[in-house]
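Ligands are counted one by one from 1 in listed order, and the atoms in each one are counted from 1 as well. Not measured: the values here are computed from a predicted model. Every heavy atom of this structure was used, including side-chain atoms; hydrogens, water molecules and symmetry mates were not.
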Amino acid sequence: MGRHVLTIEDCSRKEILALFERATVLKRETRAGKPHLTLAGKTLAMIFEKPSTRTRLSFEVGMFQLGGHAIHLASSTSQLERGETYSDTARVMSRYVDGILIRTFHQQSVVDMAQATTIPIINGLTDRSHPCQVLTDLFTVVENFGVERLLRDGKIAYVGDGNNMANSWIEAALVLGFPLAIATPQGYEPDAELLQRITAGSHRHISIGHDPQAAVRDAIVVNTDTWVSMGQEGERTAQKKEYFAPFQVNRALMQLAHREAIVLHCLPAHREEEITSEVMDGPQSRIFDQAENRLHLQKALLEQLMAR
Ligand code: CP
Ligand code: NVA
């Protein structure tokens, strides 16, 4: 793995499979009470320029469980707020800490940090991508179906907004090669550069369209996300809800999926918008396992990046 995880494409297939193996061990052994002090003496700084519950908690608890320390830096109380550049901030922080997790708006900000420093930069969500979440989601798929099924024929569907989650799913499919079907409303497609790469390359295992029923048909994983991402709050309008309504993950849509299909959502969810409570709390949902898995998968990631 390169020192930074700015998108899923910073990880090779081999490294991702190693993450699943290590996360499986960490999950089992931590539950059994075995300590893993592999990051003793290491510090992770965590910058949040957007809200977070899961990312903040899972990284902080993860560092603690690995014997290290995490420091939360709210952007509103740091000099970033007053215009200090991301590059200068990273250069200074690298004199104190062993890794930086950042949640911010522009992908270029995490790129600037990575270019300015040799300590690992981990993208904890940008407008463009959410790699730690999709690595976790893949781990959750592997827990349920095994790695062979994911890599061989495990069709994954994503329906809803073509946002950071959709982009990271595309990147994961580019690295691992599993069949991915994305359906978004017109005008809400994933990142244009990614779409261009799919069209230009021979990536027939990835389909991007506007038909949620076609996307979900026979999928073993049905995945969705909020229709209004952080920073777009002004778009939470009645018209948008109506436009997105055909993309709701509900009982009727789930009936088209494979009979063993599981449902994922990175959370936070807006119940009765992108997903019904019936599905979210139903037997096919792995949404809360998925939330727990942030902890285990990211501990494996922190070890890969920082245990040297
Ligand atoms: N899924 C996710 O990243 O959750 P938070 O926004 O709570 O960190
Ligand atoms: N697409 C969502 C993901 C939240 C974890 C957002 O960016 O708000």
Side-chain angles (χ1 to χ4, degrees), residues 5-8 23 44-63 70 72-75 100-110 122-141 157-172 182-185 187-191 194 221-237 240-241 244 247-249 263-271 273-275 280 285-299 301-302:
V5 178
L6 310 186
T7 75
I8 292 214
L44 177 74
M46 308 188 300
I47 302 170
F48 283 90
E49 299 192 80
K50 293 181 178 182
S52 171
T53 299
R54 282 145 287 269
T55 305
R56 160 87 196 269
L57 273 173
S58 55
F59 271 103
E60 187 158 344
V61 171
M63 282 303 291
H72 174 235
L73 202 61
S75 61
I100 300 172
L101 167 77
I102 175 161
R103 168 168 289 192
T104 187
F105 293 86
H106 304 295
Q107 186 73 17
Q108 190 58 43
S109 306
V110 297
I122 305 171
N123 176 357
L125 181 147
T126 61
D127 293 345
R128 168 65 165 65
S129 53
H130 197 1
C132 300
Q133 181 68 58
V134 172
L135 287 171
T136 300
D137 301 353
L138 291 163
F139 174 54
T140 309
V141 174
Y158 174 97
V159 292
D161 188 23
N163 59 17
N164 41 15
M165 285 296 299
N167 294 334
S168 287
W169 271 110
I170 293 172
E171 286 165 352
I182 292 186
T184 72
Y188 292 89
E189 292 80 8
D191 181 76
L194 275 176
V221 179
V222 177
N223 191 41
T224 189
D225 185 22
T226 180
W227 294 339
V228 181
S229 284
M230 290 181 275
Q232 306 176 334
E233 280 75 14
E235 293 183 26
R236 189 171 288 286
T237 59
K240 186 169 186 188
K241 282 186 206 173
F244 272 70
F247 295 83
Q248 183 187 66
V249 175
V263 176
L264 299 180
H265 188 311
C266 67
L267 299 175
H270 297 80
R271 287 168 179 261
E273 288 187 18
E274 73 272 8
I275 188 166
M280 198 168 152
S285 171
R286 299 291 182 275
I287 291 170
F288 293 95
D289 293 343
Q290 177 189 4
E292 176 190 331
N293 283 341
R294 294 290 301 273
L295 175 63
H296 309 300
L297 188 286
Q298 290 164 186
K299 282 167 68 180
L301 183 68
L302 288 165

Hey, is NE2 on His270 packed in by over 12 heavy atoms from elsewhere, all under 6.0 Å? yes
Which pair of non-hydrogen atoms, one from Ala23 and one from Leu297, has the smallest distance, and what is that distance? CB-CA, 3.8 Å
Asn167 side chain vs Asp191 backbone, donor-acceptor pair below 3.5 Å: yes
Nearest 0.5 Å please: distance from the OG1 atom of Thr104 over to the CD1 atom of Ile47. 8.5 Å
Can you work out which protein residues put a heavy atom within less than 4.0 Å of ligand 1? Ser52, Thr53, Arg54, Thr55, Arg103, His130, Gln133, Cys266, Leu267, Arg294
To the nearest 0.5 Å, atom CG of Asp161 lies from atom CD of Glu235 at 8.0 Å
Okay, side chain of Ser168, backbone of His130: is any donor-acceptor separation there less than 3.5 Å? yes
For Asp137 and Asn223, what are the C-alpha separation, side-chain angles and deciding distance, and is it a side chain to side chain donor-acceptor pair (under 3.5 Å)? CA-CA 9 Å; Asp137 301 353; Asn223 191 41; 4.9 Å; no
Mind listing the N or O contacts between ligand 2 and protein, cut-off under 3.5 Å?
unit_1, atom_1, unit_2, atom_2, d
ligand 2, 1 (N), Asn163, ND2, 3.3
ligand 2, 1 (N), Asn164, OD1, 2.8
ligand 2, 1 (N), Asp225, OD2, 2.6
ligand 2, 1 (N), Ser229, OG, 2.8
ligand 2, 7 (O), Asn164, ND2, 2.9
ligand 2, 7 (O), Ser229, OG, 3.4
ligand 2, 8 (O), Met230, N, 2.8

What orientation do His72 and Phe48 show, parallel under 30°, tilted 30 to 60°, or perpendicular over 60°? tilted
Does the pair Glu171/Arg128 count as a salt bridge with the N-to-O cut at 4.0 Å? yes
